[in-house]
Amino acid sequence: MYALIDGNNFYVSCERVFRPALNHTPVVVLSNNDGCAISRSNEAKALGVAMGEPFFKIADLQQKAGLVALSANFALYGDMSQRMMTVAAGLGPEQEIYSIDESFVSLAGVRGDLLVRARRVRERILQWTGLPTCVGIGETKTLAKLANHIAKTAERKPGVYARDLAQVCHLGTLSKEARQTVYQSSDVGEIWGVGRRIGARLQEAGVNTVWDFLQLDPAIVRQNFGVVLERTWRELHGVPCIALEHAPANKQEIACTRSFGQGIVSLEPLIQSVCEFASRAGEKLRRQRSCASQVLVFIRTSPFRAGPRYSQSVVVPLRRPSANTADLVSAAVTGLKLIYKPGFQFAKAGVMLLDLSADNHHQGELELECEEDETHAVQAPRLMHALDTLNQRYGRGTLAMASTGLTERTRLWSMRQERLTPQYTTSWQDLPIARA
DNA sequence: TCTGGGGTCCTAGGACCC
DNA sequence: TCTGGGGTCCTAGGACCC
């Protein structure tokens, strides 16, 4: 048996913890550059604001309907997430943190009434962190996901499901008939693993609800939609096919990409951005103690705007696997110059680190070897360590690698004059907690 | 004017080899 | 008319997730 605990409208709820005046008003949290809505309160959803909707299309709702739009504060959400996860972990012996606002908890061996226990944990999260959540329980992760959807919908849209399924829904407690009713009221598109495309194809075939999907022949599902969906079908029938993943595996690729608030029309600012992306990606790389063998860089014009379009990427192989920012930046800039073309308004760029492997060199950092060529190899990891430590302590961007861009081999270390916006600094203890 | 930023897995098809 | 067959590796692209 698995539980899925999920924060309701997570980013908005985090903001509301610190600004209770935002309760009961329509609120959205916006992405980078205030581009689009990535979290919506129930009131905002009721106004018709869609997930990912561009802000300029809903900006008028501020005047018309009192919509409050906030710029995202990801440092805050990460912090709140950790607290929520810590409490949620108390539900069972093992937890998989699936995303910033969701975790699966294995209920294997947990005795007593799971429903009661889940309600208690949910209440505790609300009291200790201020975050509202919903809990879904089922025999497999896919069923727990579905149960979670039911718990949320039953709370938000009374009438779709029975009222007592709101907030915490345990499919295992339902009778056969009650389960059928629930499955018949659930859209096939709500299934974990059924997205827009497959959902549309299923509906074309007359499969509209979860119940319809369950009646299909698994061989047909496999033949028409592949092994992934067949696995989903089995999971929905209560056969576990997707295991809980305890320790998050190392990333197989690491990306840092951004859209630009305003289009970029020359090489120089692109170089600056790409340097920063490569540096950030390098930090993530070293955090998981990996090396990259290839660096991909891409630039792209806006797919939404009129005007000439251009989208290109290139993979630059490194001479040897590296976790050194200097190598990564150098490769990224080399690649950028290969694909850059003047005459376009670039809207987005990014750097991806590929073909990752364990950083064995770093492990043996302190064993000084005496080959002549080792000087750089031994110093570089220490330099990187110092870089990461300083940036962690004094804020992202305190110390950065400068690229003159034009002379490739010239590398400078420089204190950056302009610091980024101060990070969120409230600590655990400063949190206002509503105690019952 | 203004449209997020990450990731994963699977499959098909080409290159290459024997 | 008709142009082997099977294995492996790699890559691009499509689908999904949050």
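In what follows, chains are A, B, ... by sequence order, proteins preceding strands, each numbered from 1.
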- DNA chain C in dot-bracket form (Watson-Crick or G-U pairs under 3.5 Å, [ ] crossing, | inter-strand) is ....||||||||||||||

- Please tell me which of A:K251 and A:S259 maps to the more 5' nucleotide of DNA chain B, matching each residue to the nucleotide holding its nearest heavy atom.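 Here A:S259 is the residue nearer the 5' end.
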
- Taking for each residue the nucleotide of DNA chain B with the nearest heavy atom, is it A:R231 or A:I254 whose nucleotide lies nearer the 5' end?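 Whichever sits nearer the 5' end wins; that is A:I254.
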
Please determine if a side-chain N or O atom of [X] lies less than 4.0 Å away from the OP1 or OP2 oxygen of [N].
X      : N      : value
A:R201 : C:dA15 : no
A:K348 : B:dG5  : yes
A:R258 : B:dG6  : yes
A:K284 : B:dG6  : yes

When we call it a touch if two heavy atoms are under 4.0 Å apart, what does [X] touch: a base, just sugar-phosphate, or nothing?
X      : value
A:D34  : nothing
A:G35  : sugar-phosphate
A:F304 : base
A:I100 : nothing

Of the nucleotides [options], which has the atom closest to the [X] side chain?
X      : options               : value
A:C36  : B:dG7, C:dA15, B:dT3  : B:dT3
A:R305 : B:dC10, C:dC17, B:dC2 : B:dC2
A:Y98  : B:dG6, B:dG5, C:dC18  : C:dC18

[X] and [Y] ion-paired at < 4.0 Å:
X      : Y      : answer
A:E43  : A:R16  : yes
A:R179 : A:E139 : yes
A:D6   : A:K152 : yes
A:E190 : A:K145 : no
A:E276 : A:R280 : yes
A:R119 : A:E123 : no

Atom-pair distance ([atom1] on [X]; [atom2] on [N]), nearest Å:
X      : N      : atom1 : atom2 : answer
A:Y77  : B:dG5  : OH    : P     : 15 Å
A:I242 : C:dC17 : CD1   : C1'   : 11 Å
A:L146 : C:dC17 : CG    : C1'   : 16 Å
A:Q312 : C:dA12 : CD    : P     : 11 Å

- Message: For the backbone of A:V297 and the side chain of A:S313, can you confirm whether one donor and one acceptor N or O come within less than 3.5 Å of each other?
- Response: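 No: the side chain of A:S313 does not pair with the backbone of A:V297.
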
